[in-house]
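Reading through the structure tokens given below for one structure.
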Amino acid sequence: AQTVTQSQPEMSVQEAETVTLSCTYDTSENNYYLFWYKQPPSRQMILVIRQEAYKQQNATENRFSVNFQKAAKSFSLKISDSQLGDTAMYFCAFSFNFGNEKLTFGTGTRLTIIP
Amino acid sequence: DAGITQSPRHKVTETGTPVTLRCHQTENHRYMYWYRQDPGHGLRLIHYSYGVKDTDKGEVSDGYSVSRSKTEDFLLTLESATSSQTSVYFCAISESTRVYGYTFGSGTRLTVV
């Protein structure tokens, strides 16, 4: 079974700075999909960004971008110009390219943006 | 999210009692999921459904059962609640997880005393 590891339980950064959240995963498959979800204090789960493993280009959504290193099985999230509203739990998740439509999640990183 | 609702939002129950959580969707999505969220564990899959009356177990299914008699409703039942089932429970839906990921409900905080 695939596993997703987030090795940073907590992080904090000053407002306007850049922060990178780490995620590694383990799979023997060549095609798969990776996601980052944000969970603010409201508890709502929000999709931040998605990456297809067969695409070389790193995904970007406004201030959020990923560094996808397929050989290293690494999928880090970079938040630029961090804002107070970025304070949240962030979860990395993995999906196969075939068969079941399930997501496997990491344990999360609690990010605090300091004013 | 407007297309998926969970009820109740909060519940306190006693050990040994049965509990049913409800997930309702208006998106007509094929797939529905129940996860539990616990500190240090992230989100773990309890059960999921890939169609009406088609369900399967996830990684932490012991002590839980599910039913899906209609496309829009997915029920999670704790047959005899225990303190270890105190958690936040999330329902999620998808039509194509690979393309769109999940849409989540707002969660149910369940406390078993």
Side-chain angles (χ1 to χ4, degrees), chain A residues 1-10 21 23-25 27 29-55 59 61 64 66 75 88-110, chain B residues 1-6 8-10 23 25 27 29-51 54-61 66 68 74 87-110:
Chain A
Q2 71 283 358
T3 59
V4 179
T5 301
Q6 294 180 250
S7 58
Q8 305 153 310
E10 295 188 14
L21 282 59
C23 174
T24 59
Y25 56 93
T27 183
E29 298 299 326
N30 191 47
N31 289 326
Y32 47 87
Y33 295 77
L34 297 162
F35 303 81
W36 278 99
Y37 276 87
K38 169 184 177 181
Q39 186 183 42
S42 67
R43 202 166 76 194
Q44 186 63 47
M45 294 285 288
I46 303 163
L47 178 62
V48 175
I49 201 163
R50 168 186 168 273
Q51 175 78 41
E52 300 166 32
Y54 64 88
K55 286 190 175 180
E61 291 287 343
F64 298 87
V66 298
F75 182 61
M89 282 287 288
Y90 287 83
F91 292 97
C92 179
F94 172 101
S95 171
F96 283 114
N97 185 43
F98 60 90
N100 66 69
E101 296 268 347
K102 297 181 288 185
L103 287 179
T104 299
F105 288 87
T107 53
T109 296
R110 183 175 301 279
Chain B
D1 197 283
I4 176 172
T5 55
Q6 287 185 238
R9 188 156 172 83
H10 304 275
C23 180
Q25 63 148 327
E27 304 294 330
H29 285 343
R30 177 182 177 187
Y31 302 98
M32 299 186 76
Y33 312 84
W34 279 107
Y35 284 81
R36 60 178 289 175
Q37 182 181 5
D38 304 289
H41 292 278
L43 282 85
R44 294 179 291 173
L45 183 64
I46 305 171
H47 281 280
Y48 65 101
S49 171
Y50 44 93
D54 290 325
T55 64
D56 206 349
K57 296 179 180 180
E59 63 179 304
V60 291
S61 59
V66 290
R68 192 173 180 194
F74 192 33
S87 187
V88 177
Y89 291 85
F90 282 96
C91 178
I93 60 174
S94 74
E95 189 57 36
S96 174
T97 301
R98 296 183 273 278
V99 177
Y100 303 110
Y102 289 170
T103 299
F104 282 88
S106 53
T108 295
R109 181 175 295 279
L110 177 68

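The chains referred to below are lettered A, B, ... by the order of the sequence lines, with proteins before strands, and numbering in each begins at 1. FYI, side chains are in, hydrogens and waters are out, and symmetry mates aren't considered; it's all heavy atoms of this structure.
The part of B/L45 that comes within reach of chain A is its side chain, from C-beta onward, which places non-hydrogen atoms under 4.5 angstrom from that chain. For A/R50, the part lying under 4.5 angstrom from a heavy atom of chain B is the side chain only. Both the backbone and the side chain of B/R109 come within contact range of chain A, judged by heavy atoms closer than 4.5 Å. Contact of A/Q39 with chain B is made through the side chain alone, with heavy-atom distances under 4.5 Å. B/Y100 touches chain A through its backbone: at least one of N, CA, C or O sits under 4.5 Å from a heavy atom, while the side chain does not.
Here the CE-CZ distance, from A/M45 to B/F90, works out to 6.5 Å after rounding to the nearest 0.5 Å. How far OG1 of A/T107 is from CG of B/L43: 10.5 Å, rounded to the nearest 0.5 Å.
Counting only distance, with no hydrogens or angles, the side chain of B/Y50 and the backbone of A/E101 share no donor-acceptor pair below 3.5 Å.
The aromatic ring centres of B/Y102 and A/Y37 sit 6.0 Å or more apart.
Side-chain contact check for A/L103 versus B/Y35: some heavy-atom pair is nearer than 4.5 Å.
More than 12 heavy atoms of other residues, nucleotides or ligands lie within 6.0 Å of CZ in B/R44, so this atom counts as buried by the packing criterion.
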- How far apart are the C-alpha atoms of A/F105 and B/Q37, what are their side-chain angles, what is the distance that settles it, and do they pass the side chain to side chain contact (heavy atoms under 4.5 Å, CB included) test? CA-CA 10 Å; A/F105 288 87; B/Q37 182 181 5; over 6 Å; no
- Apply side chain to side chain contact (heavy atoms under 4.5 Å, CB included) to B/R9 and A/R43, showing your working. CA-CA 11 Å; B/R9 188 156 172 83; A/R43 202 166 76 194; 3.4 Å; yes
